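Here is the structure we will look at, set down as structure tokens.
It should be emphasised that the depicted structure is a prediction, and the values quoted were computed from it without experimental measurement. Just so you know, these numbers use all the heavy atoms, side chains as well, and skip hydrogens, waters and symmetry mates.
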Amino acid sequence: MPEDGLRLRPPRNRVERRAIAWWTAQALALVLPPVIVLVVLGILIAPARFWLLLPAVLIAVLGAVYTAVMPQWRYRVHRWEITDDAVYTSAGWLRQEWRIAPMSRIQTVDTVRGPLQQLFDLSSVTVTTASAAGPLTIDGMDREQAAAVVEQLTTATQATPGDAT
């Protein structure tokens, strides 16, 4: 175990179950527009119908698999935890990443609520450190819980001596 007591381990807290619907809506927003455009063009341009509808079908089939699998898988992987010493995160779905940010290294804590997140009453919390690996992000948190986490981290980092203050 490292001298400071921190070790890479799976965080304990799951994100909100509503994150599955949010990730599904994001997937549909990515997949549906090209399918719709290709189908409409395929209907309107008879000579190119086959060459427009073929990719529409391929994108629709692959998009349906992506939309069905990705949100469920991400929900199983995404976790977070805050201790007195650090913030732990686990994220990803194809490329999974576990990260630790010691309290002494935290520089800023931010909350993000995009339009789809607002629709599902969710937020993302971003914890920025001096690390070259970039910030830690906890996606799919309940809006009120995210606000409480930001307040908790802000208070903890102000009280923690370290090189990021």
Side-chain angles (χ1 to χ4, degrees), residues 5-39 56-158 160 164:
L6 300 178
R7 64 182 176 86
L8 193 58
R9 63 175 177 73
R12 292 188 177 100
N13 303 317
R14 283 188 182 261
V15 297
E16 283 295 317
R17 189 140 184 87
R18 293 186 311 268
I20 296 172
W22 171 51
W23 288 321
T24 301
Q26 284 181 313
L28 289 172
L30 178 70
V31 170
L32 285 179
V35 170
I36 292 169
V37 167
L38 288 168
V39 167
V57 169
L58 289 173
I59 293 170
V61 169
L62 293 174
V65 171
Y66 172 74
T67 302
V69 172
M70 179 273 296
Q72 297 291 330
W73 187 263
R74 281 182 78 177
Y75 181 72
R76 287 187 184 103
V77 171
H78 276 63
R79 301 239 193 282
W80 65 276
E81 183 178 352
I82 298 169
T83 66
D84 291 339
D85 301 314
V87 177
Y88 294 79
T89 63
S90 173
W93 72 286
L94 284 179
R95 185 179 150 266
Q96 297 177 16
E97 178 178 72
W98 286 2
R99 306 258 319 266
I100 299 173
M103 290 295 179
S104 63
R105 298 287 187 149
I106 295 174
Q107 294 178 328
T108 62
V109 182
D110 304 301
T111 304
V112 175
R113 293 189 71 220
L116 280 178
Q117 285 174 305
Q118 291 178 37
L119 182 66
F120 294 102
D121 200 29
L122 296 172
S123 293
S124 294
V125 173
T126 303
V127 178
T128 306
T129 67
S131 169
L136 283 77
T137 303
I138 306 168
D139 288 325
M141 293 185 79
D142 178 76
R143 179 183 51 82
E144 291 178 10
Q145 184 180 37
V149 164
V150 168
E151 185 175 327
Q152 176 187 356
L153 285 174
T154 301
T155 302
T157 55
Q158 287 176 346
T160 303

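Using a 4.5 Å cut-off on side-chain heavy atoms (C-beta onward), Pro135 and Val127 make no contact. Using a 4.5 Å heavy-atom threshold, the side chains of Val125 and Thr137 count as separate. Looking only at side-chain heavy atoms (C-beta outward), Ile106 and Thr128 stay at 4.5 Å or farther from each other. Looking only at side-chain heavy atoms (C-beta outward), Val109 and Glu151 stay at 4.5 Å or farther from each other. Put simply, the side chain of Ser131 reaches to within 4.5 Å of the side chain of Arg99, judged on heavy atoms. By the 4.5 Å heavy-atom criterion applied to side chains, Gln96 and Trp73 are counted as neighbours. For the pair Met103 and Leu153, the minimum side-chain heavy-atom distance is below 4.5 Å.
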Ser124/Gln117 under side chain to side chain donor-acceptor pair (under 3.5 Å): CA gap, chis, key distance, verdict: CA-CA 8 Å; Ser124 294; Gln117 285 174 305; 2.7 Å; yes

Derivation of the side chain to side chain contact (heavy atoms under 4.5 Å, CB included) call for Thr89 and Val87: CA-CA 7 Å; Thr89 63; Val87 177; 4.3 Å; yes

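Note: Arg74 CZ to Leu94 CG = 10.5 Å, rounded to the nearest 0.5 Å. Interatomic distance, Leu62 CG to Thr67 OG1, rounded to the nearest 0.5 Å: 10.5 Å. The distance from atom CZ of Arg113 to atom CG of Leu119, rounded to the nearest 0.5 Å, is 10.0 Å. Here the straight-line distance linking atom OG1 of Thr111 with atom CD1 of Ile138 works out to 10.0 Å at 0.5 Å rounding. For the atom pair CE of Met70 and CD1 of Ile20, the computed distance is 11.0 Å after rounding to the nearest 0.5 Å. Here the CZ atom belonging to Arg17 is positioned 16.0 Å from the CH2 atom belonging to Trp22, to the nearest 0.5 angstrom.
A donor atom on one side chain and an acceptor atom on the other are not found under 3.5 Å apart for Thr126 and Asp110. Side-chain contact check for Trp98 and Ser90: at least one donor-acceptor pair (N or O, by modelled atom type) lies under 3.5 Å.
Across all non-hydrogen atoms, the minimal contact from Val35 to Ala60 is CG2-N, 3.8 Å. Across every non-hydrogen atom of His78 and Ala91, the tightest pair is NE2-CB, 3.7 Å. Glu16 and Leu122 get closest at one heavy-atom pair: CB-CD2, 3.7 Å. Residue Trp80 comes nearest to Arg14 through the heavy atom pair NE1-O, 3.5 Å, listed as atom of the first residue, atom of the second, then distance. Among all heavy-atom pairs drawn from Val15 and Asp139, the shortest one is CG1-O, 2.9 Å. The two residues Glu81 and Pro10 have their closest heavy-atom pair at OE1-O, 4.4 Å.
Side chain of Arg143 to backbone of Asp121: no donor-acceptor contact under 3.5 angstrom is found.
At least one cation-pi condition fails for Arg79 and Tyr88: the charged atom is not both under 6.0 angstrom from the six-membered ring centre and inside a 45 degree cone around its axis.
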